[in-house]
Trainee: 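Take a look at this one; I'll ask things after.
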Amino acid sequence: MTAKYRVVVVGMGKRGMHHAQAFHANGRFEVAGVCDIDPARLDAAAAKFGAAKGIKALQFALEVRPDVFCFCTLPRLRSEMIRVAIESGARLVAFEKPIALNSREGMEIRKLLTESGVKAVVSHQHRYGEHYRRVKEIIASGALGRVHTVYGTASGWMMHMMSHLIDYIRWYNGEAAAQWVMAQAAGRGKLSDLHPSPDYIAGFIQFANSVRGIVECGAGAPDVPEVDYWWRKCRIGAQGTDGFAEVLTGGGWRAVTKTGASAGGGCMNYDLDMPPYVQEIADWLDDDGKVHSCNFESAYAGFEIMMALCRSAATGGQVALPLTGAEDEVELLRVHLAERRALLSTPVNAKEYGAESEEPKLLVAR
Ligand SMILES: NC(=O)c1ccc[n+]([C@@H]2O[C@H](COP(=O)([O-])OP(=O)(O)OC[C@H]3O[C@@H](n4cnc5c(N)ncnc54)[C@H](O)[C@@H]3O)[C@@H](O)[C@H]2O)c1
């Protein structure tokens with residue numbers, strides 16, 4: 001019998017529990033340890049998975065010596081945990097999006113991973129949704145003709161949603177490199193959130209294969225009226241010379257091609273998306289040639305695009321990729337974003353982005 005890969009999971013909140021559950025359910029892994037600074041969460045997780053428990057990630061990881069170090073902490077904790085993963089001797093680190101809150105930390109993480117040779121994956125697990133995959137299949141089949149545009153919109157704010165959108169449009173566009181971006185942003189409300197973001201950001205991406213990317217997140221992003229659940233109001237797709245195909249995170253897929261219109265179901269579901277994500281971790285550990293679909297380098301390319309969009313929104317004009325020089329993009333936005341509120345695209349967004357100003361009310365009343 002093949003030995004099981006031993007996993008430590010740090011941060012036993014929503015996503016830590018999802019990860020631990022998926023590792024636990026997969027015969028190739030053993031959840032050897034769980035770690036959280038919250039004693040109640042820690043005890044519950046340790047009991048559920050029959051795992052050792054620890055409060056201090058470094059000390060605990062050095063004791064357990066896992067093959068896989070997984071952390072699902074909030075975005076302000078990233079490079080510190082990557083260091084712990086490397087020090088612990090883990091062969092692979094699995095962590096949550098966004099990679100970091102600014103390019104300075106993102107570049108540092110990339111350097112640490114490159115120099116250590118530790119494999120890394122970032123959780124853009126929507127890729128495994130049946131509706132997401134159906135759209136990918138249609139695009140890859142050539143049924144859209146020559147793809148010229150890929151697009152993604154989400155009602156949720158940037159640090160939550162944009163790394164997902166960019167990851168999936170990059171996937172739909174064959175992971176082509178980006179050459180430059182240009183963006184605008186509005187609204188300072190979510191700059192003080194734990195996922196700090198402008199309330200609204202919209203931008204263009206020029207890909208090296210001449211495909212145009214268009215992304216929008218937040219208060220002014222178009223509603224997805226087909227989907228009720230607010231966090232799943234995401235529309236991601238591709239247009240080509242012969243048609244289009246798109247997925248709605250909470251509402252299936254649809255396509256129009258030369259042969260006619262088609263549609264199908266599917267809804268984002270952690271219980272369905274996490275098992276194949278975790279299985280690919282085993283496959284990559286078993287075989288260096290079986291690189292994980294959500295590998296760090298791919299996610300980093302998307303992260304870099306997001307940071308470039310922030311730079312453009314903060315200081316104007318086009319921003320060339322790959323990025324040169326480290327910045328704190330959230331700080332740039334804090335310095336440069338106007339005090340004006342973001343205008344809403346739909347009254348439904350008022351709950352998150354506020355409805356107090358004159359401008360959104362006027363817009364809604366029309
Ligand atoms: N991929 C997805 O679909 C998806 C969905 C939701 C959230 N996320 C991302 O997952 C990450 C975590 O989100 P969440 O909703 O699970 O957060 P959460 O707040 O539910 O969980 C975070 C946990 O980390 C613990 N923690 C904080 N500091 C710690 C430390 N130093 N050592 C150990 N534990 C520590 C907290 O006590 C908490 O239990 C975020 O980056 C978020 O953007 C991804």
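Both ligands and their constituent atoms are indexed starting at 1 by order of listing.
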Trainee: Does some non-hydrogen atom of Tyr270 fall short of 4.0 Å from ligand 1?
Mentor: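 Yes, Tyr270 has a heavy atom closer than 4.0 Å to ligand 1.
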Trainee: Is the distance between the ring centroids of His124 and Trp171 under 6.0 Å?
Mentor: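 Ring-ring flag for Trp171/His124: false, centres at least 6.0 Å apart.
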Trainee: Judging by distance only, is a nitrogen or oxygen of Arg15 under 3.5 angstrom from one on ligand 1?
Mentor: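 Yes, Arg15 has an N/O under 3.5 Å of an N/O on ligand 1.
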Trainee: Please list, chain by chain and in numerical order, all residues satisfying salt bridge (charged side-chain N to carboxylate O under 4.0 Å, His left out) with Arg110, sequence neighbours excluded.
Mentor: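 Here the qualifying residues are Glu297.
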Trainee: Between Lys14 and ligand 1, find which residue part has any heavy-atom pair under 4.0 Å and reply side chain, backbone, both or neither.
Mentor: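 It is both backbone and side chain that touch ligand 1.
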Trainee: Report, in ascending order of atom number, the atoms of ligand 1 lying under 4.0 Å from any heavy atom of Gln125.
Mentor: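 Going through ligand 1 atom by atom, the ones under 4.0 Å from Gln125 are 1 (N), 2 (C), 3 (O).
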Trainee: Is the closest N or O pair between Asp36 and ligand 1 shorter than 3.5 Å?
Mentor: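 Checking ligand 1 against Asp36, an N or O pair does fall under 3.5 Å apart.
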Trainee: Quick check: are there more than 12 heavy atoms from other residues, nucleotides or ligands sitting under 6.0 Å from CZ of Arg65?
Mentor: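 Count over threshold, so yes.
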Trainee: Using a cut-off of 6.0 Å, state whether more than 12 heavy atoms not belonging to Tyr270 lie near its atom OH.
Mentor: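 Check passes, neighbour count above 12.
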Trainee: Using a strict cut-off of 4.0 Å, indicate which atoms of ligand 1 neighbour a heavy atom of His164.
Mentor: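 Near His164, meaning under 4.0 Å from one of its heavy atoms, ligand 1 has 1 (N), 2 (C), 3 (O).
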Trainee: State the atoms of ligand 1, each with its element, that fall below the 4.0 Å cut-off from a heavy-atom position in Leu77.
Mentor: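 With Leu77 as reference, the close atoms of ligand 1 come out as 28 (N), 29 (C), 30 (C), 31 (N).
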Trainee: Is the contact between Glu80 and ligand 1 made by the side chain, the backbone, both, or neither, using heavy atoms and a 4.0 Å cut-off?
Mentor: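 It is neither; nothing of Glu80 touches ligand 1.
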Trainee: Need the ligand 1 atom indices (1-based, order shown) with element for anything under 4.0 Å from a heavy-atom of Ser123.
Mentor: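 Those qualifying, in numeric order: 1 (N).
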Trainee: Under 4.0 Å from a heavy atom of Arg78: give me the atoms of ligand 1 that qualify, with their elements.
Mentor: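 In order of numbering, the contacting atoms are 41 (O).
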Trainee: With side-chain hydrogen bond (donor to acceptor under 3.5 Å, both in side chains) as the rule and sequence neighbours excluded, what pairs involving residues 26-36 come up?
Mentor: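 Residue pairs with at least one partner in residues 26-36: Asn26-Gln279, Arg28-Asp286.
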